[in-house]
Amino acid sequence: MAKQLWNKGFEPDVEIESYTVGRDRELDLRLARYDVEGSMAHIRMLNKIGLLSDDELSLLLPALEDIAGEIVRGEFVIEDGVEDVHSQVELLLTSRLGDIGKKIHSGRSRNDQVLADLKLFFRDELRRIAEAVDVLFKRLLKLSEENRDKLMPGYTHLQVAMPSSFGLWFGAYAEALTDDMQMVLAAYRITNQNPLGSAAGYGSSFPLDREMTTELLGFDRPHYNVVAAQMSRGKTERAIAAAIAAVASTLGHLAHDVCMWMCGNFGFVSFPDKLTTGSSIMPHKKNPDVFEIMRGKCNRLQSIPNELALLTANLPLGYNRDLQLMKDILFPATGELVESLRMADYMLGQIRVKADILESPVYDTIFTVEDVNRLVLNGVPFRDAYKAVGMSVQDGTYRPTREVNHTHLGSIGNLANEAIAAKMSELMSEM
Ligand code: ARG
């Protein structure tokens, strides 16, 4: 028996059904609790504007509570022949309560219903991302503090350049995450607006109280213009994808650094054996597979803004079914990012950092700028000092002083980690 909400007496073609439903039956399960939450707010509002009686509301609300319980206990399924979560919830209500169940869809369309579900879902996912970013951020800042005096080489063009430090390196990724958090917060703000009441995308002739559902669902404000609300499907996802890509680019970069610093030729960092992986043929190998998988996953996550941009390019205004496919792209992405953030935190909790790296003569020339600056402080014009040190490197007589004295804001000797921490907590407090 056909179970489509829109069924008008003919059986839809089975092939067509399965092609258009796609992965919705599986993916929509993640929206189920939000769908019920949205329906509860919607029917409270219908009651307030006189479209549902108090008696009807008092039957519908507990029935929705029951469904919410089934969702939490993992008993809720989207049955074969049912298109999506929205249809399943309505069908359950109708089968349990009879005709009253059919009343909840007044003044609503699946278009604004799915939008509301997605916004509630992504709002939680963005919070989950923000929390995982914050945990890693704190780990990095702690490592920066603990290793503030351990020098390491800084590179440009992947050639030995100037002294750096583990304090600077860990702290750099911490601060980069604060920039990414701005993107997460922007995506959160765009997401946290109420689309309910936009219905199919053009509103309704019922006097829907959109302020009421906004408040009940904890949105910052309504997405006022009903067409803009509908247009936000796609725009919201692209903002979230940009935020995910920003975090992924920082994390992928960090993962690459670790892979490189773990290479025996550098040997700057290492991990307990059980955190490394082996080779089936080379008995000596301790490989950084974790960070390679992390780098690969983060690179893939950075392709999502492009995928969404192509999927949604030049769509006509209003709902188009293409939009459904964004779920396939974005739903797995949030979890993958969180998983990698947590793995980075887990690994960095056990990182070992090599001491006295710059004592090796390999890095002698890393101190040239320090020595040039020392001459400048003694009154030699910069270009003459540069030339003198340069000539001594050239003829093999250069001997480094090995003294590093960086004091300005944000440098080796003045990491500004407190200011960086304050930036992050300010951002976190807004989510
Ligand atoms: N599964 C659909 C989606 O994700 C739900 C909305 C269906 N609306 C419609 N007009 N066919 O977009």
Side-chain angles (χ1 to χ4, degrees), residues 2-8 10-39 42 67 71 76-94 102 104-125 191 194-204 223 226-241 304 307-334:
K3 296 175 184 163
Q4 296 78 19
L5 295 175
W6 42 267
N7 190 276
K8 290 176 278 290
F10 61 86
E11 287 293 324
D13 186 296
V14 186
E15 299 281 339
I16 296 301
E17 221 248 305
S18 112
Y19 187 72
T20 51
V21 169
R23 291 181 62 198
D24 256 17
R25 274 187 205 115
E26 164 205 343
L27 294 175
D28 272 15
L29 287 179
R30 297 183 71 184
L31 297 181
R33 50 179 279 226
Y34 304 104
D35 198 75
V36 170
E37 200 184 332
S39 288
H42 183 68
I67 297 174
I71 293 164
F76 178 88
V77 288
I78 300 173
E79 295 158 39
D80 286 347
V82 177
E83 276 192 306
D84 50 33
V85 65
H86 329 294
S87 316
Q88 181 69 38
V89 171
E90 189 173 323
L91 285 168
L92 282 177
L93 285 180
T94 314
K102 297 183 190 162
I104 69 163
H105 211 56
S106 309
R108 190 168 71 163
S109 150
R110 277 184 301 166
N111 297 353
D112 68 336
Q113 193 176 350
V114 64
L115 253 171
D117 293 5
L118 288 167
K119 299 217 170 215
L120 295 170
F121 167 70
F122 284 130
R123 188 172 71 178
D124 277 357
E125 289 298 289
T191 302
N194 184 15
L196 268 189
S198 63
Y202 299 93
S204 164
H223 226 140
V226 290
V227 177
Q230 184 55 51
M231 225 195 303
S232 77
R233 186 142 186 217
K235 278 184 82 69
T236 306
E237 281 87 344
R238 286 194 299 272
I240 296 165
I304 289 177
E307 278 185 68
L308 291 179
L310 287 173
L311 174 61
T312 57
N314 306 327
L315 288 185
L317 197 58
Y319 179 84
N320 303 279
R321 189 74 180 266
D322 320 40
L323 297 169
Q324 173 179 302
L325 298 174
M326 287 190 296
K327 291 190 272 195
D328 298 43
I329 299 171
L330 205 49
F331 276 26
T334 53

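For ligands, and for the atoms within them, numbers begin at 1 and follow the listed sequence.
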Gln324 (side chain) donor-acceptor with Thr20 (main chain) under 3.5 angstrom: yes
Relative to each other, are the rings of Phe121 and Phe331 parallel, tilted or perpendicular (30° and 60° limits)? tilted
Logged contact type for Met326 with ligand 1, heavy-atom cut-off 4.0 Å, is neither
By side chain to side chain contact (heavy atoms under 4.5 Å, CB included), which residues pair with Val226, not counting sequence neighbours? Ser198, Arg210
Would you please determine whether Asp84 falls within less than 4.0 Å of ligand 1 on a heavy-atom basis? yes
Please list the nearest protein heavy atom to atom 6 (C) of ligand 1 with its residue and the distance rounded to 0.1 Å. Tyr319 OH, 3.5 Å
What is the closest protein heavy atom to atom 10 (N) of ligand 1, and at what distance does it sit? Asn111 OD1, 3.2 Å
Does Asp28 approach ligand 1 within less than 4.0 angstrom via side chain, backbone, both or neither, non-hydrogen atoms only? neither
Whether Glu83 lies under 4.0 Å from ligand 1, heavy atom: no
If we only count N/O pairs under 3.5 Å, is Gln324 in contact with ligand 1? yes
Quick check on contacts: which atoms of ligand 1 are under 4.0 angstrom from a heavy atom of Lys327? 1 (N), 4 (O)
Check Val85 against Asp117 and note the closest heavy-atom contact, atom names and distance. CG1-OD2, 4.1 Å
How far is atom 1 (N) of ligand 1 from its nearest protein heavy atom, and which residue and atom is that? Asp24 OD2, 2.6 Å
Sequence neighbours excluded, which residues qualify as side chain to side chain contact (heavy atoms under 4.5 Å, CB included) partners of Lys102? Thr94, Asp99
For Arg233 and ligand 1, answer yes if some heavy atom of the residue is under 4.0 Å from a ligand atom, otherwise no. yes
Charged N to carboxylate O under 4.0 angstrom, Glu90 versus Arg108? no
Would you say the side chains of Ser87 and Asp84 form a donor-acceptor pair under 3.5 Å? yes
